[in-house]
Asks: 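Before anything else, here's the structure in question.
Throughout, a chain's letter reflects where its sequence line sits, starting with A, and its residues are numbered from 1.
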There are 2 protein chains.
Amino acid sequence: MNQERTLYEKVREDILNGTFDKTEKMTEVKLAKLYEVSRTPIREVLKQLEFEYLVKDGYIYTPSPEDYRNLFEMRILIESHAVEKAVLLFVDEDLKELRNYIKQAKDGDASLTLKANKNFHDKLVRAIRNPFLSETYDRLNSTIYLFSRTVVEKQRPELLDEHEAIVQSIEDRKIDHAKQQIISHLQKDLEFTLYYM
Amino acid sequence: MNQERTLYEKVREDILNGTFDKTEKMTEVKLAKLYEVSRTPIREVLKQLEFEYLVKDGYIYTPSPEDYRNLFEMRILIESHAVEKAVLLFVDEDLKELRNYIKQAKDGDASLTLKANKNFHDKLVRAIRNPFLSETYDRLNSTIYLFSRTVVEKQRPELLDEHEAIVQSIEDRKIDHAKQQIISHLQKDLEFTLYYM
DNA sequence: TATATTAAAAATGTATACATTTAATACGAA
DNA sequence: TTCGTATTAAATGTATACATTTTTAATATA
């Protein structure tokens, strides 16, 4: 398998793993030396990282609680729209896939649970079948990852029950109910994580 | 007043005004010569233009009807959310401002109508008070502009009546009604314009 | 004619030098 | 000291040379 990580992947992972000091400036010259490339590709990477809310004005972006609420408002808007679509489109096989992710999250270790929960939400979003909305959702990937890590590590109560309830509402074709459930689910993730951060 | 347009603004306007041939490649070298700058700032500008769906893979982006439907799905999702917020937040002064834009659109020439209609929708979106969602909406600016131009030039029927009905529903605090009206309004813009493009 | 194959050209990717702007520091006057 | 100003240093912006990749075109072969 291909082990070659792109420069973007390297820098992104280093940020997510807390390698950088949040108070120090991420200057192009410094990063270029660190990763042994020139400033040109570093600039490209910084742009991408700003796009996904990991970097801002040359510093690691440290969103305020207000910022996180706004980012989650965006996430909730997209995911609740997705659930509406899922109610209209998902067939038995899709529901089975969703339940499979819940099971994986239940049985696996933290790392596997993290992946399974991501797969669960990504599967929902794919119900939208709209590349522009998908890209907008993907912009939130890093933010969602950071939240999900806290939620899983600190073992937020009821999380998987909420997932199961959402699947059930989709299966029962209850649009409003399903939407309300995903909204409340994500709001709980938000408040829980804000409390621990 | 400041007349100095940035390179980004120049290229963007030239694209919107149809200066470029949609079939020819927008190579960095060519554009650099044309605008008498080096490739570096041109690359920056091309990235921005890709961000707002005006350029793709070095060509002017010519979305398919399917693409336009997807872009409008995104627009509708944001604007209907905005209207929900407007019902909860807008006071008399805000409603007055909205009605003012309708009046301007009614009385002015095409150019003024275009601006007034943009102001109307921008005012709605500002009800969200979420910089991330605003930025996502702004990404659609060029697309919305191209549609609005057709709608105004070809004088789509009922357009301003629909605006007025939306304001009225906001004033009456009828969330579901107002949302349904903005959705239907935007879908009409979409279908009307697709028909003429 | 259609299809590979390869040579040439032209594009983008990267490194780097230089220009300009912005930030940091040092110094002097109130 | 504190504030303003000048000087310097360091950052980003831009141009450009060179490397690599991609596209085009030309030629040969089925």
Side-chain angles (χ1 to χ4, degrees), chain A residues 1-16 18-64 67 131 135 138-139 141-142, chain B residues 1-16 18-64 67 131 135 138-139 141-142:
Chain A
M1 97 181 173
N2 196 357
Q3 273 287 97
E4 294 154 36
R5 287 182 309 161
T6 63
L7 180 66
Y8 160 76
E9 287 164 345
K10 284 183 207 160
V11 182
R12 180 178 183 272
E13 282 170 36
D14 287 346
I15 293 175
L16 289 174
T19 304
F20 295 102
D21 182 350
K22 279 180 178 300
T23 62
E24 73 173 333
K25 183 135 209 234
M26 313 262 292
T27 69
E28 295 173 8
V29 180
K30 201 193 289 173
L31 292 173
K33 275 185 194 142
L34 185 56
Y35 292 97
E36 296 175 303
V37 293
S38 77
R39 278 174 56 213
T40 313
I42 286 290
R43 283 185 84 149
E44 208 90 332
V45 164
L46 284 174
K47 277 271 160 61
Q48 284 184 265
L49 295 169
E50 282 183 35
F51 180 72
E52 54 176 284
Y53 314 114
L54 266 183
V55 166
K56 189 169 182 181
D57 301 331
Y59 290 88
I60 292 183
Y61 182 37
T62 312
S64 67
D67 291 330
E135 203 221 275
D138 288 342
R139 270 183 94 173
N141 238 330
S142 297
Chain B
M1 97 180 170
N2 196 356
Q3 272 288 94
E4 293 153 36
R5 288 182 309 161
T6 63
L7 180 65
Y8 160 75
E9 287 164 344
K10 283 184 208 161
V11 182
R12 180 177 183 273
E13 282 170 36
D14 287 345
I15 293 175
L16 290 174
T19 303
F20 294 103
D21 181 350
K22 278 180 180 298
T23 62
E24 72 172 334
K25 185 136 208 232
M26 314 262 290
T27 70
E28 294 174 9
V29 181
K30 202 194 289 172
L31 293 173
K33 275 184 192 143
L34 185 56
Y35 292 97
E36 295 174 305
V37 293
S38 76
R39 279 175 54 211
T40 313
I42 287 290
R43 283 185 83 147
E44 210 91 330
V45 165
L46 284 174
K47 278 269 160 61
Q48 284 184 265
L49 295 169
E50 283 183 36
F51 180 71
E52 54 175 283
Y53 313 114
L54 265 184
V55 166
K56 189 169 182 181
D57 301 330
Y59 289 88
I60 292 183
Y61 183 36
T62 311
S64 66
D67 291 330
E135 203 220 273
D138 288 342
R139 270 183 93 173
N141 238 330
S142 297

Asks: Rounded to the Å, how far apart are A:Leu31 CG and D:dA10 P?
Replies: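 Rounding to the nearest Å, CG of A:Leu31 and P of D:dA10 are 17 Å apart.
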
Asks: Measure OH/A:Tyr35 against P/C:dA15 and give the value in whole Å, please.
Replies: 15 Å

Asks: Between B:Lys25 and B:Thr40, who's closer to the 5' end of DNA chain D by nearest nucleotide?
Replies: B:Thr40

Asks: Are B:Ile60 and B:Phe20 close enough that some pair of their side-chain heavy atoms sits under 4.5 Å apart?
Replies: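 In contact.
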
Asks: Would you kindly give the CG-to-C1' distance between B:Leu7 and D:dA15, to the nearest whole Å?
Replies: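 So the CG-C1' distance, B:Leu7 to D:dA15, works out to 14 Å.
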
Asks: B:Lys33 has an atom NZ; how far is it from atom C1' of D:dT16, in whole Å?
Replies: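 From B:Lys33 NZ to D:dT16 C1': 13 Å.
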
Asks: Please report, rounded to the nearest Å, how far the C1' atom of D:dA15 is from the CD atom of B:Glu44.
Replies: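 That distance rounds to 14 Å.
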
Asks: Using atom CD of B:Glu24 as one end and atom P of C:dA10 as the other, report the distance to the nearest whole Å.
Replies: 16 Å

Asks: Rounded to the nearest Å, what distance is computed from the CG atom of residue A:Asp57 to the P atom of nucleotide C:dT21?
Replies: 19 Å

Asks: Could you check how far CZ of B:Arg39 sits from P of D:dA17, rounded to whole Å?
Replies: 12 Å

Asks: Write down the atom of A:Leu46, the atom of A:Glu28, and the distance for their closest heavy-atom approach.
Replies: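 Closest pair (atom of A:Leu46, atom of A:Glu28, distance): CD1-CG, 4.0 Å.
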
Asks: Taking all atoms of both residues into account, what is the closest heavy-atom pair of A:Lys25 and A:Asp57, and its distance?
Replies: CE-O, 3.7 Å

Asks: Looking only at side-chain N and O atoms, does A:Arg43 come under 4.0 Å of OP1 or OP2 in D:dG13?
Replies: yes

Asks: Which of these nucleotides, C:dT16, D:dT12, D:dT14, is closest to any side-chain atom of A:Ser38?
Replies: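 Closest nucleotide to the A:Ser38 side chain: C:dT16.
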
Asks: Which nucleotide sits closest to the side chain of B:Glu28: D:dT14, C:dT12, D:dA15?
Replies: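 The nucleotide sitting nearest to the side chain is C:dT12.
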
Asks: Hey, are the side chains of B:Arg139 and A:Glu135 touching, using non-hydrogen atoms and a 4.5 Å cut-off?
Replies: yes

